[in-house]
Amino acid sequence: MTITATIQKHLAAAALEWRVALSNKPLSPFLGLKTLRGQRSLLLSERKNIIIGDQCLFSHTIWFRNADSHLIYDNITNKRINPTQSIYIGDHVWVGQEVAFLKKSFVASGSIIGTKSVVTKLCYSNTINAGNPIKQVKENISWRGECVHNWDLEETNKYNYIPNSDFKYTYNQNEFLSPKAIEEKLDSLNTAQEKLEFVYNAIYCNKNKNRFAYFKDMPYDIPLPKYENKFKSLKFEEIDETKPQPTPPAPKPTPQPTPQELEIKVLKEQLAQKEQELINMQDKFDKQNTNISILENKYQEALNTKNHLSYKLGAALIKANKNWYKGGYVKFIFEVMRIKKEHRNRG
């Protein structure tokens, strides 16, 4: 099985959409599991590598180039100064839209790369990085993969506080897969088959959470952890591409409903519509009854106000003021006596 076929099989299994440009040399692109889709381009050159971990989230228009394509020399020494170098992406890395990864990039696990960034160096775990050239803008963060676009207020409030450590990484020297050590091992291997076996045994089968976790001032140039050779237990099926492949069986036709079933379906829909109309009418009647009850309460309050002693006295005073020239205020005294007597009798 060739390395190209293996890569294609791995890509298909991971449900990714990557454009991979390979030469006929033994290269080692490795794409981890559960890495989400988006339009991405990988250009691999001079037998160097691109290693991407598990559970990464890539937006659209992402591209990787581990070479400058053309040669640059120092005019004093006449030595080449732009060697091709590999790119390493850890686990659970979130990459925004239109990001470029250039040679010698290493993004440690749990990091975020901002939109339109150009990655050219090491980005530590649990940090936010952005810019051209990239720089760290925040540390001690973690992120989750839920998408917020269609959330209501209840869903938003649900995620305002999440007390867990799923994506908080720590450096462990006994577990750390140093990109330098991986690179040295891959450079020592000659064939694509050897590289494939190493990547499978040392990276794919390594399930340690902190395998690509790295922080500032931690030991970097360390040997790889020990690993078992599990590749030899795999079973491969050789596919002869010259032979015609069996045609998959045609899908069974969808059974068509009978006229009776269609009639029943229409009747059910009409019944459901009538039930909804009844529910709407009931809601309308309930609202009307509520409004009537409110009006009755307000009317009763108005009657109570009108029959109140202070209201009647005020009305008598207004009347006396209007008829002051006819002895209105004298009449007002007698009217007050009458109102008070009537109020006592009612009370």
Side-chain angles (χ1 to χ4, degrees), residues 7 10-11 14 16-23 25 27-70 72 81-139 141 143 145 169 177-183 186-187 195 199 203 211-216 220:
I7 294 169
H10 185 76
L11 292 176
L16 300 173
E17 292 178 353
W18 297 79
R19 295 198 303 273
V20 182
L22 300 173
S23 72
K25 302 296 184 181
L27 307 173
S28 294
F30 175 78
L31 311 175
L33 301 176
K34 299 181 181 179
T35 293
L36 298 184
R37 68 176 62 229
Q39 185 181 2
R40 301 159 217 121
S41 173
L42 282 75
L43 178 60
L44 291 83
S45 305
E46 289 193 285
R47 303 166 307 283
K48 294 301 179 180
N49 317 292
I50 296 178
I51 306 293
I52 300 175
D54 297 342
Q55 296 182 333
C56 293
L57 193 158
F58 289 90
S59 185
H60 294 276
T61 321
I62 311 298
W63 53 275
F64 299 77
R65 293 178 69 102
N66 62 359
D68 295 331
S69 299
H70 307 292
I72 303 176
I81 59 175
N82 65 334
T84 297
Q85 301 182 65
S86 297
I87 298 172
Y88 287 82
I89 310 294
D91 299 317
H92 191 68
V93 172
W94 176 12
V95 180
Q97 189 171 339
E98 297 181 23
V99 170
F101 291 91
L102 302 183
K103 61 183 183 178
K104 206 178 179 179
S105 300
F106 171 35
V107 181
S109 297
S111 300
I112 299 173
I113 306 298
T115 296
K116 295 183 180 294
S117 297
V118 177
V119 186
T120 58
K121 62 179 184 178
L122 191 157
C123 299
Y124 299 117
S125 288
N126 294 121
T127 61
I128 300 176
N129 308 268
N132 179 12
I134 198 160
K135 65 179 181 179
Q136 181 176 308
V137 296
K138 192 171 182 60
E139 62 182 352
I141 61 91
W143 66 274
Y169 292 89
L177 294 177
S178 170
K180 183 175 180 181
I182 295 174
E183 198 68 12
L186 288 170
D187 285 344
K195 292 176 183 284
V199 169
I203 302 178
R211 60 181 184 167
F212 288 117
Y214 188 76
F215 296 86
K216 186 177 181 180
Y220 183 81

Sub-3.5 Å donor-acceptor pair from the side chain of N126 to the main-chain atoms of A213, do we have one?
-> no

Just wondering, do R211 and I203 contact through their side chains at under 4.5 Å, heavy atoms?
-> yes

First locate atom OG of S86, then atom CZ of F106, and finally report the distance between them rounded to the nearest 0.5 Å.
-> 12.5 Å

Closest non-hydrogen atoms of G90 and C56, given as atom of the first, atom of the second and distance, are O-SG, 3.2 Å

Listed by chain and number, what are the ring-ring contact (aromatic ring centres under 6.0 Å, His included) partners of Y214, not counting sequence neighbours?
-> Y171, F176, Y220

What pair of heavy atoms forms the shortest contact from Y169 to H92, and how long is it?
-> OH-CB, 3.1 Å

Can you find a heavy atom in the side chain of V107 that is under 4.5 Å from one in the side chain of I87?
-> no

Going by heavy atoms in the side chains, are L177 and Y88 under 4.5 Å from each other?
-> no

Mind checking the OG-CH2 spacing from S41 to W63? Nearest 0.5 Å is all I need.
-> 9.0 Å

Roughly how far, to the nearest 0.5 Å, is CZ of R65 from OG of S105?
-> 13.0 Å

Can you tell me how far NZ of K195 sits from CZ of R47, rounded to the nearest 0.5 angstrom?
-> 8.5 Å

N/O donor-acceptor pair under 3.5 Å between D91 side chain and D54 backbone = yes

Heavy-atom donor-acceptor pair, S125 side chain to F215 backbone, under 3.5 Å | no

Could you go through residues 93-103 and list every donor-acceptor pair under 3.5 Å that involves a side-chain atom there, pairing it with any protein atom two or more places apart or in another chain?
{"from": "E98", "atom 1": "OE1", "to": "K116", "atom 2": "NZ", "distance (Å)": "2.4"}
{"from": "K103", "atom 1": "NZ", "to": "D68", "atom 2": "OD2", "distance (Å)": "2.8"}
{"from": "K103", "atom 1": "NZ", "to": "P83", "atom 2": "O", "distance (Å)": "3.3"}

When you look at V199 and L186, which way does the side-chain contact (heavy atoms from CB on, under 4.5 Å) test go after all the steps?
-> CA-CA 9 Å; V199 169; L186 288 170; 4.2 Å; yes

With Q136, which residues qualify under side chain to side chain contact (heavy atoms under 4.5 Å, CB included), at least two apart?
-> Y124, T127, N129, E139

Drop me the distance from C123's SG to I128's CD1, to the nearest 0.5 angstrom.
-> 12.0 Å

Heavy-atom nearest pair, S117 first then I134, reads CB-CD1, 4.0 Å

Would you give the length of the straight line joining atom CD1 of I113 to atom CD1 of I89, rounded to the nearest 0.5 angstrom?
-> 7.0 Å

Side chain S178, main chain K180, donor-acceptor under 3.5 Å = yes

